Amino acid sequence: MVSIALFGAGRIGQIHGRNIAASRRAKLAGIADPMPDGANALAAATGAPVRSIDDLLGDKSIDAVLIGTPTDTHADFIDRAAAAGKAVFCEKPVDLSSGRIVKTLERVKAAGVPLMIGFNRRFDPNFAALQRRVADGVAGEVEMVSILSRDPGPPPVSYIERSGGLFRDMMIHDFDMARFLLGEDPIEVFSLGSALVDPAIGKAGDVDTAAVLLKTRSGKICQISNSRRATYGYDQRIEVHGSKGLLSAGNVHETTVMFAGERGLTADPVQNFFLERYAAAYRNEIEAFIDAMERGRKPSPDGADGLKAQQLADAAQKSLETGKPVEVV
Ligand SMILES: NC(=O)c1ccc[n+]([C@@H]2O[C@H](COP(=O)([O-])OP(=O)(O)OC[C@H]3O[C@@H](n4cnc5c(N)ncnc54)[C@H](O)[C@@H]3O)[C@@H](O)[C@H]2O)c1
């Protein structure tokens with residue numbers, strides 16, 4: 001039984017806390033959050049106690065810490081958990097600064113603890129199956145990956161202001177997915193972006209609509225399209241085109257019911273947002289973390305994957321600001 005403490009009982013913490021508590025191989029050892037409402041609700045739902053960060057870090061019976069707090073607290077909590085000898089699962093992104101991530105990864109290495117990053121989309125049953133077929137060569141040599149990722153609506157501007165911008169907050173998932181599917185690291189990044197959904201996002205210095213092109217050393221290309229708005233729900237699609245054909249994974253709808261009438265076909269809406277669309281992915285990633293701990297294996301995706309995705313996000317931001325392609329080393 002792997003004993004896991006949860007830091008942060010907000011949107012994502014509520015999911016992870018319930019998944020840890022529901023796992024037959026894990027125990028939710030405690031929940032820490034300065035805001036009592038979320039922590040108490042999760043405690044009531046799971047039976048786990050609300051405890052302080054210091055208490056949880058000092059408890060030798062706890063094996064691991066799951067960090068689901070705001071992004072600007074992640075690196076400090078990873079450092080503290082690693083120093084306390086705990087394995088760490090940390091939500092994306094690791095930090096908003098690549099330099100800070102490098103320092104934290106050095107501390108994690110020195111402490112010798114496992115670190116997994118919450119790139120949940122790798123564990124989505126559809127995208128995981130797509131990647132396995134890519135790796136098995138079903139599409140032949142990969143030539144072009146296309147990733148479409150649109151949120152149903154923008155978050156509040158107060159969130160945008162602390163988020164690090166669309167590339168580091170939202171597209172970070174797609175950068176990780178691009179690496180996962182390309183099987184190679186991109187070396188060149190070009191981006192375009194606009195604030196078309198909400199002018200307040202533009203005033204806050206961010207974009208809400210962006211397209212990014214990535215190229216690997218061998219010439220493979222990936223195109224990523226992001227929007228903070230989609231009138232039809234959470235739009236999450238991927239295509240991998242290769243020498244033998246096309247692999248694609250489409251949206252997941254609320255039901256599979258279709259209506260056919262005089263004006264054509266109507267399907268139910270696509271699932272509304274990440275909590276619904278990636279419910280299975282969140283369960284699967286926690287099980288993968290527990291599995292790695294039980295077997296004494298390195299979890300994946302790890303801190304190095306977190307850093308690589310961040311470097312692509314930094315390059316995309318730089319390309320947006322300069323209007324030029326940016327090389328990534
Ligand atoms: N992988 C995903 O799909 C996904 C989805 C949503 C959020 N996230 C990431 O998860 C993180 C949290 O996002 P969220 O949407 O759940 O935010 P949120 O604001 O809903 O929740 C954050 C929680 O952390 C608590 N908190 C703040 N400081 C704390 C501290 N010092 N110690 C303990 N708890 C503290 C807050 O009180 C809040 O309850 C972000 O880094 C975000 O990028 C990932």
Side-chain angles (χ1 to χ4, degrees), residues 4-19 30-43 45 48-57 65-81 88-97 100-101 104 116-124 127 149-177 180 206 226 228 234 236 271-286 288-289 301 305-306 309-310 313:
I4 306 176
L6 175 72
F7 293 180
R11 285 189 309 172
I12 203 69
Q14 296 288 329
I15 305 288
H16 289 318
R18 281 169 173 76
N19 286 339
I31 305 154
D33 193 311
M35 306 301 283
D37 286 358
N40 289 338
L42 190 56
V50 177
R51 296 168 65 177
S52 73
I53 300 265
D54 287 341
D55 181 28
L56 291 166
L57 287 177
V65 170
L66 192 150
I67 300 169
T69 50
T71 298
D72 52 9
T73 65
H74 290 178
D76 278 343
F77 279 141
I78 296 174
D79 292 351
R80 289 180 63 189
V88 183
F89 179 107
C90 183
E91 261 309 333
K92 50 53 65 177
V94 185
D95 190 77
L96 295 181
S97 146
R100 181 69 170 89
I101 296 176
T104 286
M116 179 164 167
I117 304 302
F119 287 126
N120 55 293
R121 294 184 194 178
R122 291 190 185 211
F123 299 90
D124 171 72
F127 295 159
S149 184
R150 301 189 179 109
D151 287 354
V157 172
S158 57
Y159 175 91
I160 299 272
E161 283 164 351
R162 278 185 80 182
S163 71
L166 179 141
F167 299 116
R168 296 185 182 101
D169 176 59
M170 179 177 172
M171 202 181 284
I172 194 93
H173 279 294
D174 306 300
F175 291 128
D176 181 66
M177 190 52 72
F180 190 49
D206 198 7
N226 267 191
R228 292 275 193 190
Y234 192 36
Q236 300 285 291
Q271 288 184 334
N272 182 56
F273 209 3
F274 60 89
L275 297 179
E276 299 88 3
R277 174 67 176 78
Y278 290 123
Y282 294 128
R283 280 196 299 276
N284 295 344
E285 68 177 350
I286 293 301
F289 180 61
D305 294 306
Q310 188 75 18

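Nothing fancy with the numbering, it's 1 onward along the sequence. For ligands, and for the atoms within them, numbers begin at 1 and follow the listed sequence. Quick caveat: nothing in here was measured; it's all calculated off a predicted structure.
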Output all residues satisfying ring-ring contact (aromatic ring centres under 6.0 Å, His included) with H16, sequence neighbours left out; order by chain, then residue number. F89, Y282
Would you say the side-chain atoms of R162 and S158 include a donor-acceptor pair closer than 3.5 Å? no
How would you list, by chain and number, the residues with a heavy atom under 4.0 angstrom from ligand 1? G8, A9, G10, R11, I12, A32, D33, P34, M35, I53, G68, T69, P70, T71, H74, F77, E91, K92, P93, G118, N120, H173, F274, Y282
Name each donor-acceptor pair under 3.5 Å that joins a side chain in residues 163-170 to protein atoms two or more places apart or in another chain, with its distance.
{"unit_1": "S163", "atom_1": "OG", "unit_2": "I160", "atom_2": "O", "d": "2.8"}
{"unit_1": "S163", "atom_1": "OG", "unit_2": "G165", "atom_2": "N", "d": "3.1"}
{"unit_1": "R168", "atom_1": "NE", "unit_2": "D314", "atom_2": "OD1", "d": "2.8"}
{"unit_1": "R168", "atom_1": "NH1", "unit_2": "G164", "atom_2": "O", "d": "3.3"}
{"unit_1": "R168", "atom_1": "NH2", "unit_2": "D314", "atom_2": "OD1", "d": "3.2"}
{"unit_1": "D169", "atom_1": "OD1", "unit_2": "Y159", "atom_2": "OH", "d": "2.7"}
{"unit_1": "D169", "atom_1": "OD2", "unit_2": "Y159", "atom_2": "OH", "d": "3.4"}
{"unit_1": "D169", "atom_1": "OD2", "unit_2": "R228", "atom_2": "NH2", "d": "3.1"}

Counterpart residues, side chain to side chain donor-acceptor pair (under 3.5 Å), relative to Q14 (two or more places apart): R18
Y278 vs Y234 aromatic rings, parallel, tilted or perpendicular, using cut-offs 30° and 60°? perpendicular
Salt-bridge contact D305-K92 (side-chain N to carboxylate O under 4.0 Å): no
